[in-house]
Chemist: 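Handing you this structure, nothing more for now.
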Amino acid sequence: MLNLYHTINNHIKEALERAFPSVSSEAEKAGISLDPQLVKASKPEFGDFQANGAMQLAKLLKQQPRAIAFSIVEQLKTNKNFIELCKEPEIAGPGFINITLKNDCLINEIQNRLNDNRLGVAKVEVKSGERKTPTVIVDFSSPNIAKEMHVGHLRSTIIGDSLARILEFRGYKVLRLNHIGDWGTQFGMLITHLKDVAPEALKHANALDLGDLVVFYREAKKRFDNDNAFQEASRNEVVKLQGGEALSVKAWQLLCAQSRQEFQKIYDRLDIRLKERGESFYNPYLEGVVEELNNLGLVVKDQGAQCIFLDTINRQSEPQAPVIVQKSDGGFNYATTDLAAIQYRFNNPPHGDGADRIIYVTDSGQANHFEGVFQIAKNANWIPENAKLEHVPFGLVQGEDGKKLKTRSGQTIRLRDLLDEAIERAKSDLTNRLQSEDRNETDAFIEEVATTVGIAAVKYADLSQNRISNYQFSFNRMLNLQGNTAPYLLYSVVRIAGIARKGGFIENEITELKFETKQEWSLIRALLKFDEIIIEVENELLPNRLCTYLFELSQVFNRFYDQVPVLKAREPFRKSRIALCKLTADTLKLGMGLLGIRTLERM
RNA sequence: GCGCCUGUAGCUCAGCGGAUUAGAGCAUCUGACUACGGAUCAGAGGGUCGGGAGUUCGAAUCUCUCCAGGCGCGCCA
């Protein structure tokens, strides 16, 4: 209903100016914007929209807010275009103007949606001066080579994927970058250990199977901590790798390839696609970055390291913490890599991505780091005009005890185990249900439903919460069949699919829609809110807003389904209701698709 | 010590400067299956929005301050 919002907003603005012709200049003098402050109605009984602007103007105009509202409404009543869309506005409370859309107007909107596979969501405009589609980079997931993906990667992966999907749907060119940790000093010990354990792997072309990478990593770490000779060899190995020695590079590549395979298994299960571009990609640029920052006079040598002290942040800390761009041993660190990445991503092709917006989906613990790095990029003038650079932080994953999520023995929980358990629990729920309902289903059906429900539950539970706060992980809650959970949403889709199977769906284009119950009008209004929710998520990067919307839509639908017959209704109500069912299913499927969640026809 | 984030019902959380009565879900209690899948629906109880001050016609929302918790804080990423 964004189009209607804009139209009505303009009508009110116009009415305001006509009612108070001198108000524009006076408002300007007083530094007040002439915004009618049109927003969604806070409660259904107040209509569809409410304009809150009259109160703000009271002082300026030296009139009662209700009187101002009255004058605006008088003007609105003379506007034919407005009258065509809305019922007569009502003035309420201190001076709110409540606006309710006419039924014909709503029906017209529904009609448009039925013929629109974007469900009213506009595609991003390419402004006339610009040649290209705006590019957004979503940097997410980012596991480390030779380590297994664990709960710590869950939120970034799920939230980042959903944001990427939403931006893609809006028509942006989206680059989903997996900034994996494929470089650093730990490779010294890993390569040294690999050369010892599997020297033959370095001579043949085939990738080796290291089995459990976590075990491999732990073995290497253990030797590093206890064996001086091994430590010495590891340090030499880092130098060799950085120097590009063939055998070391080969070993590094083998380790990366091995890890990549493991990561891919998880991404396949989660239905996530990513372009791998690890930290090592930026190696060739690091020296140049430090040089450039040096030339700009931003860098200070402190205790042997090349540092940048920012007066905008960390001002009060004592001693003041710098951002280190080159270590005292000459090596570079993650700040350097991130700076190189920012520069590269904003640069135009072929030596960059030409990004207009960069989004980093990482835990909130890195907020200080990004604040510093972003500030440096700004000081160095690397951020193009109108481009955006954003950290999208999220909180910790906690167990039901409120502590950081761990296994009973205190180990980090592997992502694959977590997914296995979710699916296993969904499966046992399902088989119990099938048994109690005397249903016979194939193993393939059970497998598909359990997998879909399990993965959906994990994703939805995470996405449905405001990402900024910590997230309490609970299998019981996420798999609950009632409430704001994935199974509840999936069930709504299944119910509609049931209607479709029994009654068929719309054959041709539906004309002559007719509605009579309050449940239908509630459903219609819920359906029409989809587009503004998508725009909101695009701007705020909060997928939980979409989840809340989909849950509320499901609730409104289930109420309708429970209280209003569809297939047994007489025409034209029958086909009108079927149309609402279809639109509900389409909206739920599209919405859940944008969350990265698959839906089912039966469950 | 400094910085960032969080504090809303028994629990988990929404809440976008706006309304008498601050909303959901879970849990608890009471109802509804001869209408499309009851994995549903209808209803009830449950709150000094961490405390205090300020800005505003209006504050859970903005500002300040205090309290509590989490995370981070020079050469790991």
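Predicted, not measured: the structure shown is a model, and the values here were computed from it. Within every chain, numbering begins at 1; the chains are lettered A, B, ... in the order of the sequence lines, protein sequences first and strands thereafter.
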Chemist: Is it true that A/Glu540 and A/Arg467 have a side-chain N and a carboxylate O under 4.0 angstrom from each other?
Modeler: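 Answer for the salt bridge query: no.
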Chemist: Please measure how far the P atom in B/rG23 lies from the corresponding atom in B/rG43, and state the result in whole Å.
Modeler: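 The answer is 15 Å between these two P atoms.
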Chemist: Partner lookup for B/rG7, please. Criteria are Watson-Crick or G-U wobble with both distances under 3.5 angstrom; report none if nothing qualifies.
Modeler: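 With both distances under 3.5 Å, B/rG7 matches B/rC67.
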Chemist: If you measure from the P atom in B/rG52 to the same atom in B/rU8, how many Å do you get, rounded?
Modeler: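 These two P atoms come out 15 Å apart once rounded.
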Chemist: Just compare B/rC26, B/rC76, B/rC13 and give me whichever is closest to any side-chain atom of A/Gln465.
Modeler: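 From the listed options, B/rC13 comes nearest.
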Chemist: Are OP1 or OP2 of B/rG70 and a side-chain N or O of A/Lys403 less than 4.0 angstrom apart?
Modeler: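 So the side-chain polar atoms of A/Lys403 never come under 4.0 Å of the phosphate oxygens OP1 or OP2 of B/rG70.
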Chemist: Of the candidate nucleotides B/rA77, B/rC5, B/rA39, which contains the atom at the shortest distance from the side chain of A/Asn333?
Modeler: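 Out of B/rA77, B/rC5, B/rA39, the nucleotide with an atom closest to A/Asn333's side chain is B/rA77.
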Chemist: Is the phosphate of B/rG37 approached by A/Lys502 (side-chain N or O, under 4.0 Å from OP1 or OP2)?
Modeler: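 Answer is yes, contact under 4.0 Å.
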Chemist: Counting side-chain heavy atoms from C-beta on, which of B/rA35, B/rC36, B/rG74 comes nearest to A/Lys568?
Modeler: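 From the listed options, B/rA35 comes nearest.
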Chemist: Give a yes or no on whether a salt bridge exists between A/Glu437 and A/Arg433, defined as a side-chain N under 4.0 angstrom from a carboxylate O.
Modeler: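 Salt bridge present between A/Glu437 and A/Arg433.
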Chemist: Is it true that A/Arg425 and A/Asp429 make a salt bridge, defined as a side-chain N closer than 4.0 Å to a carboxylate O?
Modeler: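 Looking at A/Arg425 and A/Asp429, the cut-off is not met.
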Chemist: NA contact type, A/Asn544, heavy-atom cut-off 4.0 Å: base, sugar-phosphate, or nothing?
Modeler: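 Sugar-phosphate: the residue A/Asn544, judged by heavy atoms under 4.0 Å, touches backbone atoms but no base.
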Chemist: Quick one: look up who B/rC36 pairs with, Watson-Crick or G-U, both distances under 3.5 Å, and put none if it's unpaired.
Modeler: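 When the pairing criteria are applied, nothing turns out to pair with B/rC36, so the answer is none.
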Chemist: So what's B/rG72 paired with, Watson-Crick or G-U wobble, going by both distances under 3.5 Å?
Modeler: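 Base-paired to B/rC2.
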Chemist: Between A/Thr485 and A/Asn480, do the side chains contain a donor N or O and an acceptor N or O under 3.5 Å apart?
Modeler: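 Looking only at side-chain atoms, A/Thr485 and A/Asn480 do not form any donor-acceptor pair under 3.5 Å.
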Chemist: Considering just the side-chain nitrogens and oxygens of A/Gln303, establish if one lies under 4.0 Å of OP1 or OP2 belonging to B/rG74.
Modeler: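 No, no such contact exists.
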Chemist: Are A/Ser469 and B/rA14 close enough that a side-chain N or O sits under 4.0 Å from OP1 or OP2?
Modeler: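 For B/rA14, OP1/OP2 do have a side-chain N/O of A/Ser469 under 4.0 Å.
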Chemist: Would you please confirm or rule out a distance under 4.0 Å between OP1 or OP2 of B/rA39 and any side-chain N or O of A/Arg495?
Modeler: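 Checking B/rA39 against A/Arg495, no side-chain N or O comes under 4.0 Å of OP1 or OP2.
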Chemist: Per the atom types in the model, does the base of B/rA77 pair as donor or acceptor with the side chain of A/Tyr334 at under 3.5 Å?
Modeler: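 Pair found.
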Chemist: Can you tell me if the side-chain N/O atoms of A/Tyr282 get under 4.0 Å from OP1 or OP2 in B/rA77?
Modeler: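 No, no such contact exists.
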Chemist: Across all strands, who's sitting opposite B/rU55 as a Watson-Crick or G-U wobble pair, both distances under 3.5 Å?
Modeler: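 Looking at the geometry, B/rU55 pairs with no nucleotide.
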Chemist: Should A/Arg525 and A/Asp48 count as an ion pair when the cut-off is N to O under 4.0 Å?
Modeler: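 Looking at A/Arg525 and A/Asp48, the cut-off is met.
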Chemist: Taking atom C1' in both B/rG15 and B/rG47, compute the distance separating them and give it to the nearest angstrom.
Modeler: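 It comes out at 15 Å once rounded to the nearest Å.
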Chemist: Identify whether any heavy atom of A/Gly93 sits under 4.0 Å from a base atom; if not, whether one sits that close to sugar-phosphate; answer base, sugar-phosphate or nothing.
Modeler: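 Touches a base.
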Chemist: Just to confirm, is there a sub-4.0 Å distance from OP1 or OP2 of B/rA39 to any side-chain nitrogen or oxygen of A/Arg433?
Modeler: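 It does, given that an N or O in the side chain of A/Arg433 lies less than 4.0 Å from OP1 or OP2 of B/rA39.
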Chemist: Under a 3.5 Å limit for both distances, which nucleotide forms a Watson-Crick or G-U wobble pair with B/rC13, could you say?
Modeler: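 Answer to the pairing question: B/rG23, which forms a Watson-Crick or G-U pair with B/rC13.
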Chemist: For A/Gln56 and B/rA19, what is the distance between atoms CD and P respectively, to the nearest whole Å?
Modeler: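 From A/Gln56 CD to B/rA19 P: 16 Å.
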Chemist: Verify the stacking flag for A/Phe96 against B/rA19: centroid separation must be under 5.5 angstrom and the ring planes must differ by under 30 degrees.
Modeler: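 Stacked: ring centres under 5.5 Å, planes under 30°.
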Chemist: A/Leu481 CG to B/rA39 C1': how many Å, rounded?
Modeler: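 After rounding, the gap between these two atoms is 5 Å.
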Chemist: Is there a donor N/O on one and an acceptor N/O on the other, under 3.5 Å, for the side chain of A/Ser364 and the base of B/rC5?
Modeler: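 No pair found.
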Chemist: Take atom CG of A/Leu479 and atom P of B/rU12, then tell me their distance rounded to the nearest Å.
Modeler: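 After rounding, the gap between these two atoms is 19 Å.
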Chemist: Over all strands shown, is A/Asp302 touching base, sugar-phosphate only, or nothing at heavy-atom distances under 4.0 angstrom?
Modeler: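 Base contact.
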Chemist: Establish, with yes or no, whether the OP1 or OP2 oxygen of B/rG25 is under 4.0 angstrom from a side-chain nitrogen or oxygen of A/Gln555.
Modeler: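 It does, given that an N or O in the side chain of A/Gln555 lies less than 4.0 Å from OP1 or OP2 of B/rG25.
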Chemist: Using the C1' atom on both, measure B/rA35 against B/rC11 and round to a whole Å.
Modeler: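 To the nearest whole Å, 37 Å.
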Chemist: Identify the nucleotide, in any strand shown, that forms a Watson-Crick or G-U wobble pair with B/rA60, with both distances under 3.5 Å; if there is none, say none.
Modeler: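 Paired with B/rA60, as far as the under-3.5 Å criterion goes, is no nucleotide at all.
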Chemist: Salt bridge or not between A/Glu448 and A/Arg602? Use side-chain N to carboxylate O under 4.0 Å.
Modeler: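 Salt bridge absent between A/Glu448 and A/Arg602.
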Chemist: If you measure from the P atom in B/rC33 to the same atom in B/rA42, how many Å do you get, rounded?
Modeler: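 About 15 Å, rounded to a whole number of Å.
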Chemist: Determine the Euclidean distance between corresponding C1' atoms of B/rU61 and B/rG50; express it in Å to zero decimal places.
Modeler: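 These two C1' atoms come out 16 Å apart once rounded.
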Chemist: Would you tell me if any nitrogen or oxygen in the side chain of A/Asn476 comes within less than 4.0 Å of OP1 or OP2 on B/rU12?
Modeler: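 Checking A/Asn476 against B/rU12: no side-chain N or O falls below 4.0 Å of OP1 or OP2.
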Chemist: Send over the distance from A/Leu542 CG to B/rC16 P, rounded to a whole Å.
Modeler: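 To the nearest whole Å, that distance equals 10 Å.
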Chemist: Please measure how far the P atom in B/rA59 lies from the corresponding atom in B/rC16, and state the result in whole Å.
Modeler: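 Result for the P pair: 16 Å, nearest Å.
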Chemist: For B/rA42, which nucleotide in any strand shown is its Watson-Crick or wobble partner with both distances under 3.5 Å?
Modeler: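 Here B/rA42 is engaged in a pair, and the nucleotide opposite it is B/rU30.
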Chemist: Between B/rC57 and B/rC62, how far is it from one C1' atom to the other, in whole Å?
Modeler: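 Result for the C1' pair: 16 Å, nearest Å.
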